[in-house]
Amino acid sequence: MISVILDKCVGCSLCIKVCPFGAIKLVDSPRACVDAFGRGEAVGKKAVIDLDKCNLCGACLESCKFGAIRLDKKESIIKKIKLEDYKGVWVFAEQKKGKVQSVAFELLAKAKDLAKDLNTEVSAVLLGDNVENQAAELFQRGADNVYLVEDAKLASFCDEAYTKIIVKLIEKYKPEIFLSGATTIGRSLMARIAVIVNAGLTADCTGLDVDKEKRLLLQTRPAFGGNIMATIICPNHRPQMATVRHKVMKEAGIDKNRKGKIIREKLNDDALFSRTNVLQFVEEISSTVNIAEADIIVSGGRGMKAKENFILLEELARVLGGAVGASRSAVDSGWLGYSHQVGQTGKTVCPKIYFACGISGQIQHLVGMQSSKIIIAINSDPYAPIFNVATYGIVGDLFEIIPKLTEEFKKARQ
């Protein structure tokens, strides 16, 4: 976007002095030049800009007295994009071991609402090996079309191949909005795609809406440590891209009468080629249920006081058939692994019942669990913020209360 016009540069070094990022240096000119008196040829010094360091602040542009620095305006790129050519709401149907993940169904529910406001269609993008049988459920959940690419090389997620394929689909079919779950796969994939197609990307959204008049996707996410909610738009580029946190939206209902259109894409070997290969996936071994999918979660915070005290929560979770979660402070203390962390920097969950044991209820934690259907808070501090969102609150010593709850639930199951 920025360059030096060699014919105008005199090597005065003024631009070097004003550059706050050390992005400019003088080098021997790649071409011979005549000196100021027109006598013979001499090798002069010319300015060179290191684009990896430059942030396009424009300080050098203003300092140059000879007009030797050119900053190309972004508008020249924007004009090449005809926004009216882009139609439709797309959802990346993430699959593992040939089965579409539930986050895709959450996105389809929201995609249907957005598409209704924009008077357009909903499409799912499904990549894998022998996954055509998954298209039926995508239709039942709200997709009008499924863009299907199948190949043995796509059985397991691979950044490079998946990115190249989806970029080709975007360039061919031009979606207006493209959504993905804010999973490990979704975060990696969408960032790569956005760079290549020159689009904006809002990560970890907790809410989506549209401006019907301007056809803008309103992408809401926590900012400044969860203290404010920012709504972000991308008015000049398409598709409008966002990743959405798992479990912050309800899954689309199933309508077994819905049908749709499968659009099969055959791509050459270049699109399928990847410099890396997946040798094996090793699943994390845990004695409890995955918190992202659990209907009941028993979480502990700093109030648990020590790692060994989480045995109390594990016993309660085992009796209830639930999972064990933790606040960030508990994970940072090494009491539980990161895969158990609930909150802004952990996982967003939406169980039927959420036990918050010894958790004060800071906003960063609430962002990850406040959409739970029933929240049961146990804390010795009657003024703890967690009680503001709790359905039921118990003020007392959790080391006395939790064992009693576990014993009562055991009796109820007998």
Side-chain angles (χ1 to χ4, degrees), residues 94 96 101-103 106 181-188 203-204 206 222 225-226 243-248 281-379 384-386 389-391 394 398-399 401-403 405-406 409:
E94 180 179 329
K96 291 182 181 178
Q101 301 299 288
S102 60
V103 67
E106 297 169 19
T183 60
T184 303
I185 289 175
R187 287 168 174 160
S188 174
D204 289 346
T206 57
T243 60
V244 181
R245 289 194 176 190
H246 190 20
K247 293 293 183 181
V248 300
F281 273 114
V282 180
E283 298 286 348
E284 180 182 19
I285 299 174
S286 176
S287 60
T288 54
V289 183
N290 176 11
I291 63 171
E293 305 295 337
D295 288 331
I296 299 175
I297 298 175
V298 182
S299 281
R302 187 177 283 110
M304 296 303 298
K305 296 184 179 179
K307 180 178 181 178
E308 52 269 22
N309 293 331
F310 271 80
I311 295 175
L312 298 175
L313 304 187
E314 292 173 1
E315 291 176 352
L316 178 56
R318 192 176 299 112
V319 171
L320 296 173
V324 176
S327 67
R328 178 173 178 173
S329 59
V331 172
D332 288 346
S333 299
W335 298 344
L336 224 57
Y338 174 73
S339 61
H340 296 268
Q341 184 173 320
V342 176
Q344 183 182 0
T345 53
K347 293 182 179 179
T348 301
V349 297
C350 184
K352 293 179 181 177
I353 303 176
Y354 187 87
F355 287 86
C357 308
I359 296 175
S360 62
Q362 297 301 315
I363 184 65
Q364 290 85 350
H365 186 77
L366 298 184
V367 166
M369 46 67 69
Q370 61 187 356
S371 59
S372 305
K373 290 183 174 63
I374 297 175
I375 299 173
I376 301 172
I378 305 172
N379 203 296
I386 191 68
V389 298
T391 312
I394 303 174
L398 61 86
F399 297 106
I401 295 169
I402 293 175
L405 286 176
T406 302
F409 283 124

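Heavy-atom basis, side chains included; hydrogens, waters and symmetry copies ignored. Residues: numbered from 1 along the sequence shown.
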Closest heavy-atom pair and its distance - Gly325, Phe310: O-CE2, 4.0 Å

Here the pair of heavy atoms bringing Thr348 nearest to Lys247 is O-CB, 3.3 Å

Spatial distance of atom CZ (Arg187) from atom CG (Asp204) [nearest 0.5 Å]: 4.0 Å

Give me the atom names and distance for the closest heavy-atom approach of Ala326 to Val331. CB-CG2, 3.9 Å

Quick one: does Thr206's side chain get under 4.5 Å of Pro222's, heavy atoms only? yes

How long is the span from the CD1 atom in Ile296 to the CG atom in Leu316, to the nearest 0.5 Å? 9.0 Å

Step-by-step side chain to side chain contact (heavy atoms under 4.5 Å, CB included) determination, Leu312 to Thr406: CA-CA 9 Å; Leu312 298 175; Thr406 302; over 6 Å; no

Stepwise side chain to side chain contact (heavy atoms under 4.5 Å, CB included) check, Met304 with Leu398: CA-CA 8 Å; Met304 296 303 298; Leu398 61 86; 3.7 Å; yes

Can you tell me which residue pairs pass the salt bridge (Lys or Arg N to Asp or Glu O under 4.0 Å) test with a partner in residues 351-368, sequence neighbours excluded? none

Going by the rule salt bridge (Lys or Arg N to Asp or Glu O under 4.0 Å), which residues pair with Arg302 if we only count those two or more places apart in sequence or in a different chain? none

Applying side chain to side chain contact (heavy atoms under 4.5 Å, CB included), run through Val342 and Ile291 and close with a yes or a no. CA-CA 9 Å; Val342 176; Ile291 63 171; 3.9 Å; yes

About how many Å separate CD1 of Ile185 and OG1 of Thr243, when rounded to the nearest 0.5 Å? 13.5 Å

Decide yes or no for His246 and Lys347: does some side-chain heavy atom of the first lie under 4.5 Å from some side-chain heavy atom of the second? no

4.5 Å side-chain heavy-atom contact, Ser371 and Val248: no

Please list all pairs meeting side chain to side chain donor-acceptor pair (under 3.5 Å) that have one or both residues in residues 324-338, counting only residues at least two apart or in different chains. Ser327-Ser329, Arg328-Asp332

Under 4.5 Å between any side-chain heavy atoms of His365 and Ile359, yes or no? yes

In this structure, SG of Cys357 is separated from CD1 of Ile394 (nearest 0.5 Å) by 8.5 Å

Can you give me the closest heavy-atom contact between Ala317 and Val324, atom names plus distance? CB-CG2, 3.8 Å

Side chain to side chain contact (heavy atoms under 4.5 Å, CB included) assessment of Ile363 paired with Gln344: CA-CA 8 Å; Ile363 184 65; Gln344 183 182 0; over 6 Å; no

Gap separating the OG1 atom of Thr391 from the OH atom of Tyr354, nearest 0.5 angstrom: 13.0 Å

Does any non-hydrogen side-chain atom of Arg245 lie less than 4.5 Å from one of Val103? no

Minimum heavy-atom distance between Ala390 and Ala377, given as atom pair plus value: CB-CB, 3.8 Å

Under 3.5 Å, is there a donor-acceptor pair between the side chain of Thr183 and the main chain of Gly186? yes

Using side-chain heavy atoms (C-beta onward) and a distance below 4.5 Å, is Pro351 in contact with Ile297? yes

Nearest 0.5 Å please: distance from the CG atom of Leu313 over to the CD1 atom of Ile402. 5.0 Å

Who are the side chain to side chain donor-acceptor pair (under 3.5 Å) partners of Thr345, not counting sequence neighbours? Gln341

Side chain to side chain donor-acceptor pair (under 3.5 Å) against Ser188, all qualifying residues, sequence neighbours excluded: Asp159

Are the side chains of Leu320 and Ile353 in contact, using a 4.5 Å heavy-atom criterion? no

Ring-plane angle category for Phe355 and Phe409, please: parallel below 30°, perpendicular beyond 60°, tilted otherwise. perpendicular

Please name all residues satisfying side chain to side chain donor-acceptor pair (under 3.5 Å) with Asn309, sequence neighbours left out, ordered by chain then number. none

